[in-house]
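I have placed the structure first, in the form of structure tokens, so that the comments after it can refer back to it.
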Amino acid sequence: MPDTLRQILASESALSSITLRGWVRTRRDSKACSFIELTDGSCFKGLQVVIDASLPCYSLMSKILTGASVEVDGDLIASPAQGQKWELQAKEVRLLGEADGTYPLQKKGHTPEFLRTIAHLRPRTNLFGSVFRVRSKMAFAVHRFFQEQGFFYAHTPIITSSDCEGAGEMFRVTTLKQGAPAKPEEDFFGRPTYLTVSGQLQGEAFACAMGNIYTFGPTFRAENSNTARHAAEFWMIEPEMAFCDLQADMTLAEENVRYLVKAMMTECPDELEFFNKFVDKELTNRLQQTLDKPFERISYTDAVDLLLKSGRSFEHPVVWGEGLQTEHERYIAEEHVKGPVTIYNYPKSIKPFYMRQNDDGKTVAAMDLLVPGIGEIIGGSQREERLDLLTEAMAKQGLDEETYRWYVDLRRYGSVPHAGYGMGFERLLMFVTGVSNIRDVIPFARTPGNAAY
RNA sequence: UCCUGAGUAGCUCAGCGGUAGAGCGGGUGGCUGUUAACCACUAGGUCGUAGGUUCGAUCCCUACCUCAGGAGCCA
């Protein structure tokens, strides 16, 4: 593989006769030379290439505009001017691919909204190049976090017939012709199938065999959600631990977030600096505090009390037994705690059948981890491991016993206490980059009415 | 899906009941080891779409489309 800018810029000393390839970010002309700002996406920084007017290739300069791809031979020398440590003194420049005046990316700033309309070109910008380098680093850090603790990576199915109750609307998967009357038994799988909304149920089967497992893969929700933090296709991380209760579940979730914040700060310093300067001026502070301050935990009941005593008038009334509204969660995370906070033990009436009933008979061992600015980043629970209580809850919520027969089997044969959670990968990325719209941390975002590219 | 706001040049925006303007980007010329370079000139727009009101609509009204922000749903 040829050298990348990242490798070259790490050099301690001048280098002679190197070759670099990349894209022209901008070009400036002087009397005796031309300056190209070259980037290749391998790192945040670019390199200034100096082309002397006496070079035969200088005639190419009129065609080398912003966006063009070039290959440059030259020497890496200490830059005599302010602004950069190194520069590349060109000996030969080859124009690989022209980009004319219609190239949409200019030297000046673009809005994220406009860049969304050119999703195929936006990774060439500082912002999106940074986001997607971070995305790669974070994905790897997710695996490292679990692998270091002996978790097994389980590939749960993308196509599934089980609805993880409460997770939302599902996309139907079928080979039946549209409009033709047909029974589900005639479909490809002989039953109705969907794109997964969660790997949890299958994850439980593996946890109840291999101990600690996690999934990390695409997840699909057909909800007509139009918000800055929902997507129809996103990636979710779902650990599931056998012999684990809610306390240990919450502890792992907190450590998980911390580990990834730490990875961001140590592995992506250039990107962090950029985000802090141009995206969110509080980002570095917030991430540092996340590492320094222990996460708070508040029970749902205490959270309701706290909201009632806050003296705040909320648009939605605070009532025990109702779900916490966004404004309530924001108040708790952003004003009361001013940092990440886990709310646990929710009323059982608002939570799905698989969550473990607490001894009070009113609540279940559920938890949500909230972070300032985004809200829920993790949702999890201890699972109901007691056969009678599980089937009772299923009946109450009107679920078809046959569909969940295999799931109930996990309680019928060698049942153990177990717990897990789901972490939204994109929401985590929003948290560590400061980027406020989920569409801007997904390479090609799928949202209602939008699947171009 | 609901509420609010916005759609004017490639981009960011200004404007106004009498058929459009700036900055950046493009082109041309000049200047300069330049740093979102600078200076001058120049090209570029059925003012989101469809109706309506009016002598006349980019501007006012209606519907629709798209986008953004907020809400619900959740990761």
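Each chain gets a letter, A, B and so on, in the order the sequences are listed, and its residues count up from 1.
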How far does the P atom of B/rG45 sit from the matching atom of B/rC39, given to the nearest Å? 26 Å

Closest-nucleotide 5' rank along RNA chain B - winner of A/Gly424 and A/Arg330: A/Arg330

Does A/Phe234 lie flat on the base of B/rA75, that is, centres under 5.5 Å apart and planes under 30° off? yes

Take A/Arg94 and A/Asp73, measure what salt bridge (charged side-chain N to carboxylate O under 4.0 Å, His left out) needs, and give me the verdict at the end. CA-CA 9 Å; A/Arg94 288 175 290 278; A/Asp73 302 331; 3.1 Å; yes

Integer-rounded Å distance: B/rU35 C1' and A/Lys85 NZ: 19 Å

Does B/rU35 have OP1 or OP2 sitting under 4.0 Å from an N or O in the side chain of A/Gln84? no

Tell whether A/Arg439 reaches the base of B/rC67 with its side chain through a donor-acceptor pair below 3.5 angstrom. no

With a 4.0 Å limit, can you tell me whether A/Thr219 has a side-chain N or O closer than that to the phosphate oxygens OP1/OP2 of B/rC74? no

Within the structure, does a side-chain N or O atom of A/Lys107 lie under 4.0 Å from either OP1 or OP2 of B/rA37? yes

Side-chain contact check for A/Glu376: nearest option of B/rG72, B/rA75, B/rG33 is B/rA75

Between atom CD1 in A/Ile51 and atom P in B/rU32, what is the gap in whole Å? 19 Å

With the side chain of A/Leu65 defined as its heavy atoms from C-beta on, choose the nearest nucleotide among B/rG26, B/rU12, B/rA71. B/rG26

Between A/Asn450 and A/Ala232, the residue closer to the 5' end of RNA chain B by nearest nucleotide is A/Asn450

Any N or O donor-acceptor pair linking the side chain of A/Glu223 to the base of B/rG72 at under 3.5 Å? no

For B/rC38, the Watson-Crick or wobble counterpart (both distances under 3.5 Å): B/rG30

Watson-Crick or G-U wobble mate for B/rA43, both contacts under 3.5 Å: none

Quickly work out the A/Phe114 CZ to B/rA68 P distance and round it to whole Å. 14 Å

Run the side chain to side chain contact (heavy atoms under 4.5 Å, CB included) test on A/Gln357 and A/Glu384 for me, step by step, so that the C-alpha distance in whole Å, both residues' side-chain angles and the decisive distance to 0.1 Å come before the verdict. CA-CA 7 Å; A/Gln357 203 176 119; A/Glu384 183 57 79; 3.7 Å; yes

Just how far, in rounded Å, is P of B/rG26 from CE of A/Met61? 15 Å

Can you name the one residue among A/Tyr453, A/Phe128, A/Phe444 that meets ring pair (Phe, Tyr, Trp, His ring centres under 6.0 Å) with A/His120? A/Tyr453

Measure the distance from CD on A/Glu426 to P on B/rA75 and round it to the nearest whole Å. 14 Å

Using only heavy-atom distances, decide whether a donor-acceptor pair under 3.5 angstrom links the side-chain of A/Glu37 to the base of B/rU35. no

Charged N to carboxylate O below 4.0 Å: is that the case for A/Glu334 and A/Arg330? yes

Could you check which of B/rU34, B/rC74, B/rG69 has an atom nearest any side-chain atom of A/Asn437? B/rG69

Just to be sure I understand the rule, does A/Glu233 reach a base, reach only the sugar-phosphate, or reach nothing, if contact means heavy atoms closer than 4.0 Å? nothing

So, OP1 or OP2 of B/rU34: does either fall under 4.0 Å of a side-chain N or O from A/Ser30? no

Using the P atoms only, state how far B/rA75 lies from B/rU1, rounded to an integer number of Å. 22 Å

Kindly say whether, by distance alone, the side chain of A/Arg229 makes a donor-acceptor pair under 3.5 Å with the base of B/rA75? no

Report the distance from atom CG of A/Asp29 to atom P of B/rC39, rounded to the nearest whole Å. 16 Å

A/Thr227 backbone acceptor or donor facing A/Ser225 side chain under 3.5 Å: no

Base of B/rU1 paired with side chain of A/Asn226 (donor-acceptor, under 3.5 Å): yes

Checking all strands, does A/Gly375 fall into the base, sugar-phosphate, or nothing category for heavy-atom contacts under 4.0 angstrom? nothing

Could a donor-acceptor pair under 3.5 angstrom be found where the side chain of A/Ser225 meets the base of B/rC74? no

Partner nucleotide, any strand, of B/rA63 [Watson-Crick/G-U, under 3.5 Å]: B/rU49

Decide yes or no, distance alone: a donor-acceptor N/O pair under 3.5 angstrom between the base of B/rG33 and the side-chain of A/Gln82. no

Does A/Arg28 put a side-chain nitrogen or oxygen below 4.0 Å from OP1 or OP2 of B/rA37? yes

Short side-chain N/O contact to B/rG72 OP1/OP2 from A/Thr326, under 4.0 Å: yes

Roughly, in whole Å, what's the span from NZ in A/Lys31 to P in B/rC39? 20 Å

Do the side chains of A/Thr215 and A/Met236 get nearer than 4.5 Å, heavy atoms only? no

Treating A/Arg439 as the side-chain partner and A/Ala228 as the backbone partner, does any N or O pair qualify as donor plus acceptor under 3.5 Å? no

B/rA75 pairs with which nucleotide, Watson-Crick or G-U wobble, both distances below 3.5 Å? none

Should B/rA68 form a Watson-Crick or G-U wobble pair with both distances under 3.5 Å, which nucleotide is its partner? B/rU4

Measuring only the C1' atom in each nucleotide, how far is B/rA20 from B/rC47? A whole number of Å is fine. 8 Å

Taking the inter-plane angle between the rings of A/Tyr214 and A/Phe146 on a 0 to 90° scale, is it parallel (under 30°), tilted (30 to 60°) or perpendicular (over 60°)? parallel

Base paired to B/rC24 (Watson-Crick or G-U; both N/O distances under 3.5 angstrom): B/rG10

Could you check how far NE2 of A/His110 sits from C1' of B/rG25, rounded to whole Å? 8 Å

